[in-house]
Trainee: 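What follows is a single structure, and I will ask about it in a moment.
Order of the sequence lines sets the chain letters (A, B, ...), proteins ahead of strands, with each chain counted from 1.
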Number of protein chains: 2
Amino acid sequence: MTRGSPETRARILCAAEDLVIRDGVSKLTLDAAAHEAGVSKGGILYHFPSRAALVSAMVERFVVSFDADLDRYGANGGGPGDFTRGYLRATLAPSEVPGDAPRDNRDQRLGGALLAGVASDPELLTPLRDRFDAWQAAVSSDGLPAEVATLVRLTSDGLWLSDLFGLAPVTGELREKVGERLFALMDEAPAAPTDEDERR
Amino acid sequence: MTRGSPETRARILCAAEDLVIRDGVSKLTLDAAAHEAGVSKGGILYHFPSRAALVSAMVERFVVSFDADLDRYGANGGGPGDFTRGYLRATLAPSEVPGDAPRDNRDQRLGGALLAGVASDPELLTPLRDRFDAWQAAVSSDGLPAEVATLVRLTSDGLWLSDLFGLAPVTGELREKVGERLFALMDEAPAAPTDEDERR
DNA sequence: TCGACTATACCGTCTGGACGGTATAGTCGA
DNA sequence: TCGACTATACCGTCCAGACGGTATAGTCGA
């Protein structure tokens, strides 16, 4: 179904990301992406039937990548609070790479690039929205008080999005301390109100 | 310096916002904005010398509007934690309007519209970034432990931005409970580490 | 107070360029 | 020989911005 070699496909996707990150969404034209990827315009159209398909693939890629991070950071352990802790760790992690400023981090900026790219056609955000709904559902039934878990989720998103847009990103020691506070909040939180508790 | 009547200018800005909110950034053309505002394309160019100037004015307007909100919600009282509390209240407030879902709120979506519009030319974000830097500075020297204040700021931004993009926005009771938790966090926080304390 | 002139606030049209997409012919390695 | 492209040419559309025009209100000297 998807034509072309996976390698070239990935190269195009990376090139498009780099381009958006560097120059902004408006510069993401088929010509520019082709040039950046070292591929002809026809080559791009060979892999992605339209520009929208390209952007859509970029969104898909981001979602998959963050889900993989969640796994990596133990968000699917199943214990109470595991998902929320994993979500926070996955958000915090990129900036922990030594010598790698958060704003230079690829994954971080990637998300923003996509958000921005997608903003030009709100339709393309739908898969991302669905994924976020699922994450929020997982967070709020994670064995922590829902408002504590949600607070952690929102702070993580705030961290991520402010990095993304360069809106007073929080870095270094302050970032770590915020993380510690959040972990402390979760540790102190009373045991989970489960669905059964709710029903009583 | 700014040409044209302030009324028409404001009408154009409002029209552009409505348009972006309704149809997405990519639909914000001079023609479309002119039509929406009941003005000719030439009329728009009379008020804003270029499309970029229009978008830039939209950003400026958002910044001013949020600063006004901060004042309105007592962010400039001068007491310890006042700014941070005001910031949180200003973020929470729109959803408190009865019968007005947060995603339908103009100011909320306005911000997103601008962010998105601006994403196409990262340069235009600069004034917004500067303002955010100032807000972060105010928050973190507000008489609360910096990481608590920053945490509140980030959660507010998370609330705002997830509303904005429709990324699992938090509404209703849960939203209120998150707010309460944050206020409680600030109330419980130890007294301000002042600059003098730091120097010791 | 009247005519000349100016400034302001627009309107409507045109143009040049960019961009998405199509089509087609050809290359090249496995 | 077929899949994976490259290279190039082209079409239709959209859009920013330039430009010339117009209507109206105000100014000012005689």
Side-chain angles (χ1 to χ4, degrees), chain A residues 1-59 113-114 116-124, chain B residues 1-20 22-60 113-114 116-124:
Chain A
M1 37 150 293
T2 51
R3 301 205 304 172
S5 82
E7 292 75 23
T8 306
R9 194 186 143 91
R11 215 170 70 237
I12 294 172
L13 252 11
C14 284
E17 285 158 11
D18 287 343
L19 217 159
V20 172
I21 286 160
R22 205 180 52 236
D23 302 331
V25 213
S26 66
K27 301 295 171 57
L28 178 62
T29 66
L30 295 184
D31 276 322
H35 186 261
E36 181 84 19
V39 160
S40 72
K41 183 175 167 179
I44 291 213
L45 263 350
Y46 183 77
H47 288 270
F48 307 95
S50 70
R51 194 194 116 103
L54 207 199
V55 176
S56 171
M58 292 169 76
V59 175
L114 289 182
V118 135
S120 65
D121 183 0
E123 288 285 294
L124 296 174
Chain B
M1 34 152 285
T2 51
R3 303 206 304 172
S5 81
E7 292 76 24
T8 306
R9 194 186 142 91
R11 215 171 70 236
I12 294 172
L13 252 13
C14 284
E17 286 158 10
D18 286 342
L19 216 158
V20 173
R22 205 179 53 235
D23 302 330
V25 213
S26 66
K27 300 296 172 60
L28 179 62
T29 66
L30 295 184
D31 273 323
H35 185 261
E36 182 84 19
V39 160
S40 76
K41 187 174 169 179
I44 291 212
L45 261 351
Y46 181 78
H47 288 269
F48 307 95
S50 70
R51 193 195 116 101
L54 172 64
V55 176
S56 171
M58 290 168 77
V59 174
E60 188 59 30
L114 290 182
V118 135
S120 66
D121 185 358
E123 288 286 293
L124 296 174

Trainee: When the distance from CZ of B/R11 to C1' of C/dA9 is rounded to whole Å, what number comes out?
Mentor: 12 Å
Trainee: Partner lookup for C/dA25, please. Criteria are Watson-Crick or G-U wobble with both distances under 3.5 angstrom; report none if nothing qualifies.
Mentor: D/dT6
Trainee: Taking only the side-chain heavy atoms of A/L30 (C-beta and beyond), determine which of C/dC10, D/dT6, C/dG21 contains the nearest atom.
Mentor: C/dG21
Trainee: Out of D/dA16, C/dG21, C/dA9, which nucleotide sits closest to the side chain of B/K41?
Mentor: D/dA16
Trainee: Which pair of heavy atoms, one from B/L30 and one from B/I44, lies closest together, and at what distance?
Mentor: O-CD1, 3.8 Å
Trainee: For the side chain of B/S5, starting at C-beta, report the closest nucleotide among D/dA7, D/dA4, C/dA9.
Mentor: C/dA9
Trainee: Can you check the A/E7 CD to C/dA30 P distance for me, whole Å?
Mentor: 13 Å
Trainee: Where the side chain of B/R51 is defined as all heavy atoms beyond and including C-beta, which of D/dC5, C/dT8, D/dG17 is the nearest nucleotide?
Mentor: D/dG17
Trainee: Could you check which nucleotide pairs with C/dC11 in any of the strands shown, counting Watson-Crick or G-U wobble with both distances under 3.5 Å?
Mentor: D/dG20
Trainee: Nearest to the side chain of B/Y46, heavy atoms from C-beta on, is which of C/dT8, D/dA4, C/dT22?
Mentor: C/dT8
Trainee: If you pin A/S50 and B/G38 to their nearest nucleotides in DNA chain C, which one's is more 5'?
Mentor: B/G38
Trainee: Which of these nucleotides, C/dC10, C/dC11, D/dA16, is closest to any side-chain atom of B/T29?
Mentor: D/dA16
Trainee: What is the separation between atom NE2 on B/H35 and atom C1' on D/dC15, rounded to the nearest whole Å?
Mentor: 16 Å
Trainee: When the nearest nucleotide of DNA chain C is assigned to B/G4 and to B/D31 on a heavy-atom basis, which residue is associated with the more 5' position?
Mentor: B/G4
Trainee: Using both distances under 3.5 Å as the test, list the Watson-Crick or G-U wobble partner of D/dC15, or none.
Mentor: C/dG16
Trainee: Roughly how far apart are A/R22 CZ and A/L28 CG, rounded to 0.5 Å?
Mentor: 11.5 Å
